[in-house]
Amino acid sequence: MITVLTPTYNRGYILKNAYESLCSQTNNDFEWVIVDDGSTDETSQLVETWIKQTLDFKIHYFKQPNGGKHRAVNFGVSKAKGEYILILDSDDYLTSDAIAFVSSHLKEVASNDFAGISGLKGWSNSPRVIGDQDNDDTFIDATNIERTKKGLEGDKAEVYKRDILIEYPFPEFQGENFLRESASWDRIALDGYKIRWYNHVICKCNYLDDGLTQKNNVEMYVNNYQGFIYCTQLSLKTASFPYNLIKIGQFEEVAKASGNSNGEICKTLNIGYLKLINGIILFKTRRIIMTILNK
């Protein structure tokens with residue numbers, strides 16, 4: 001069985017899209033675990049109505065104090081009964097064949113070499129795929145940190161083994177409510193676990209103004225600084241040139257906004273001053289560099 005796990009915060013106005021997509025699945029061998037991260041809107045009333053009227057699959061609803069998506073995911077994983085977990089964001093929805101497609105390929109990733117399987121995400125208002133892949137059902141086996149060199153760009157719809165997510169939970173830093181997903185995904189990849197990345201759209205999405213994807217800014221990282229340090233230190237182990245230096249430059253911008261000196265930055269990242277300067281330069285010119293690399 002697959003657990004569809006949805007962390008949500010004040011998304012009652014759009015969560016219905018996810019619910020209706022689950023009702024339209026051609027394979028009902030799944031459960032829906034909703035972790036409400038302290039919503040103050042009508043989410044709980046909506047979900048209670050759905051629980052009473054839904055017969056084709058089980059809905060499990062949990063509410064906790066607001067602590068961020070990563071805490072909601074950790075909690076949801078602990079409650080999941082499925083062997084595999086598909087994290088469905090509250091503003092996304094599944095294609096009608098998503099569960100059937102994933103279920104039909106799970107035996108391929110049953111070995112200990114794999115952490116799971118992934119499909120593509122597509123835009124909700126167009127047939128276009130997020131990333132550069134074609135929706136042609138081919139696949140590539142790679143770790144999460146090999147994605148760039150394998151041409152696996154853009155957000156994906158990953159389905160991880162529950163046991164893997166239990167072993168690699170998101171770190172939780174006191175007083176912080178945001179953490180990049182790479183804090184877990186890259187640790188899994190560093191230990192050699194692969195994902196089978198299928199070129200098949202299973203999830204449709206938009207990036208809303210109140211979503212985390214739109215909030216990757218300096219202020220947010222300053223407010224969640226310990227988690228930002230953790231993810232940057234991890235990325236320096238996983239990213240190749242020039243991306244590793246660009247990460248250093250991004251860290252410098254946030255660290256300076258947090259009141260840190262160049263010496264403190266070098267000490268935190270365990271790097272020399274020259275590497276810091278190179279990182280700052282590459283970060284400031286990153287758009288030109290990315291244009292050159294993508295040609």
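The figures here come from the full heavy-atom set of this structure, side chains too, leaving out hydrogens, waters and symmetry mates.
Side chain of Lys156 to backbone of Glu153: a donor-acceptor contact under 3.5 angstrom is found. Judged by distance alone, with hydrogens and angles left aside, the side-chain atoms of Lys16 form no donor-acceptor pair with the main-chain N or O of Leu46 at under 3.5 Å. Not a single donor-acceptor pair under 3.5 Å links the side chain of Ser103 to the backbone N or O of Ala100. One N or O on the side chain of Asn224 and one on the backbone of Met220 form a donor-acceptor pair closer than 3.5 Å. Gln233 contributes a side-chain N or O that, together with a main-chain N or O of Thr268, makes up a donor-acceptor pair within less than 3.5 Å. Judged purely by atom type and a 3.5 angstrom limit, Lys204 uses its side chain to pair as donor or acceptor with the backbone of Ser126. When atom types are taken as modelled, the side chain of Ser24 and the backbone of Ser21 share a donor-acceptor pair closer than 3.5 angstrom. The backbone N or O of Asn28 sits nowhere less than 3.5 Å from a side-chain atom of Asp56 that would complete a donor-acceptor pair.
Transitive grouping of hydrophobic side chains (ILVMFWY, heavy atoms separated by less than 4.5 Å) keeps Phe114 and Ile188 in distinct clusters. The same ILVMFWY cluster, assembled from side-chain heavy atoms under 4.5 Å apart, contains both Phe62 and Val73. Hydrophobic clustering keeps Phe173 apart from Phe251 (ILVMFWY residues linked when any side-chain heavy atoms are closer than 4.5 Å, directly or through intermediates). Both Ile117 and Leu86 sit in one connected hydrophobic cluster of ILVMFWY residues. Membership requires side-chain heavy atoms under 4.5 Å apart, directly or through other members. Under the 4.5 Å side-chain heavy-atom criterion for Ile, Leu, Val, Met, Phe, Trp and Tyr, Phe228 and Phe283 are members of the same hydrophobic cluster.
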Worked verdict on Asn260 versus Ser258 for side chain to side chain donor-acceptor pair (under 3.5 Å):
CA-CA 6 Å; Asn260 292 274; Ser258 299; 4.6 Å; no

Are Asn144 and Ile195 close enough, and set up right, to give a side-chain contact (heavy atoms from CB on, under 4.5 Å), and what steps lead you there?
CA-CA 7 Å; Asn144 192 63; Ile195 299 286; 5.7 Å; no

If you apply the rule salt bridge (Lys or Arg N to Asp or Glu O under 4.0 Å), what do you find for Asp89 with Lys69, and how did you get there?
CA-CA 9 Å; Asp89 288 344; Lys69 177 182 176 181; 2.9 Å; yes

Applying side-chain contact (heavy atoms from CB on, under 4.5 Å) to Phe101 and Asp137, what does each step give before you reach the verdict?
CA-CA 10 Å; Phe101 180 83; Asp137 284 4; 4.2 Å; yes

List the steps, then state whether side-chain contact (heavy atoms from CB on, under 4.5 Å) holds for Asn74 with Glu172.
CA-CA 9 Å; Asn74 284 346; Glu172 298 179 8; 2.9 Å; yes

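Asn177 and Tyr9 share no side-chain donor-acceptor pair at under 3.5 Å. Inspection of the Glu108 and Tyr198 side chains reveals an N or O donor paired with an N or O acceptor under 3.5 Å. Between the side chains of Thr54 and Tyr19, a donor-acceptor pair is found at a separation under 3.5 Å. Side-chain N/O atoms of Asp91 and Asn206 include no donor and acceptor closer than 3.5 Å. Between Thr138 and Asn199, the side chains place a donor N or O and an acceptor N or O closer than 3.5 Å (distance only, hydrogens not considered).
Taking the side-chain hydrogen bond (donor to acceptor under 3.5 Å, both in side chains) definition, one finds that Asp191 meets it with Tyr168, sequence neighbours left out. Considering only residues two or more places apart in sequence or on other chains, Asn244 meets the side-chain contact (heavy atoms from CB on, under 4.5 Å) condition with Leu236, Ala239, Phe241.
Closest heavy-atom contact between Lys121 and Asp155: CB-O, 3.9 Å. Between Asp36 and Ser44, the shortest heavy-atom contact is OD2-N, 4.4 Å. Scanning all heavy atoms of the two residues, the minimum distance from Gln133 to Leu152 falls at NE2-CA, 3.4 Å. Of all heavy-atom pairs between Ala257 and Val218, the closest is CB-CG1, 3.7 Å. In plain terms, the two heavy atoms of Asn10 and Ser39 that are nearest each other are N-OG, 2.7 Å. The shortest heavy-atom contact between Leu276 and Cys266 is CD2-SG, 3.8 Å.
Using bins of under 30°, 30° to 60° and over 60° for the plane-to-plane angle, the ring pair His70/Phe170 lands in the perpendicular bin.
Side-chain contact check for Ser118 versus Arg147: every heavy-atom pair is 4.5 Å or farther apart. Inter-residue side-chain proximity for Ile34 and His60 is flagged as unmet; no heavy-atom pair is nearer than 4.5 Å. The closest side-chain heavy-atom distance from Ile248 to Leu282 is not below 4.5 Å. By the 4.5 Å heavy-atom criterion applied to side chains, Lys275 and Leu245 are counted as neighbours. Residues Val33 and Val35 meet the side-chain proximity criterion, which asks for heavy atoms closer than 4.5 Å. A heavy-atom distance below 4.5 Å is not found between the side chains of Gln25 and Phe57. You'll find the side chain of Val4 reaches within 4.5 Å of the side chain of Ile99, heavy atoms only. Using a 4.5 Å heavy-atom threshold, the side chains of Asp134 and Val129 count as separate.
In Asn125, the CG atom is crowded: over 12 heavy atoms of neighbouring residues, nucleotides or ligands sit closer than 6.0 Å. Within a 6.0 Å sphere centred on CG of Asn112, other residues, nucleotides and ligands contribute 12 heavy atoms or fewer. By the neighbour-count criterion of 12 heavy atoms within 6.0 Å, atom CD of Gln45 is densely surrounded, having more than that number from other residues, nucleotides or ligands.
Using a cut-off of 4.0 Å between Lys/Arg side-chain N and Asp/Glu carboxylate O, Glu252 and Lys256 are scored as salt-bridged.
Only one option out of Asn66, Thr43, Thr8 pairs with Asp37 in a side-chain hydrogen bond (donor to acceptor under 3.5 Å, both in side chains); it is Asn66. Screening Asn17, Leu22, Val102, Val201 against Leu94 for a side-chain contact (heavy atoms from CB on, under 4.5 Å) leaves a single residue, Leu22.
A distance of 10.0 Å separates CD of Glu253 from CG of Asn217, quoted to the nearest 0.5 Å. A distance of 8.0 Å separates SG in Cys231 from OH in Tyr221, rounded to the nearest 0.5 Å. A distance of 10.5 Å separates OH of Tyr225 from CD of Glu176, quoted to the nearest 0.5 Å. The distance from atom CD of Glu31 to atom OG1 of Thr3, rounded to the nearest 0.5 Å, is 3.5 Å. Distance check, rounded to the nearest 0.5 Å: SG of Cys23 to CH2 of Trp50 gives 9.0 Å. Note that NZ of Lys247 is 8.0 Å distant from OG1 of Thr238, once rounded to the nearest 0.5 Å.
Taking the six-membered ring for Trp, Tyr193 and Trp185 have ring centres at least 6.0 Å apart.
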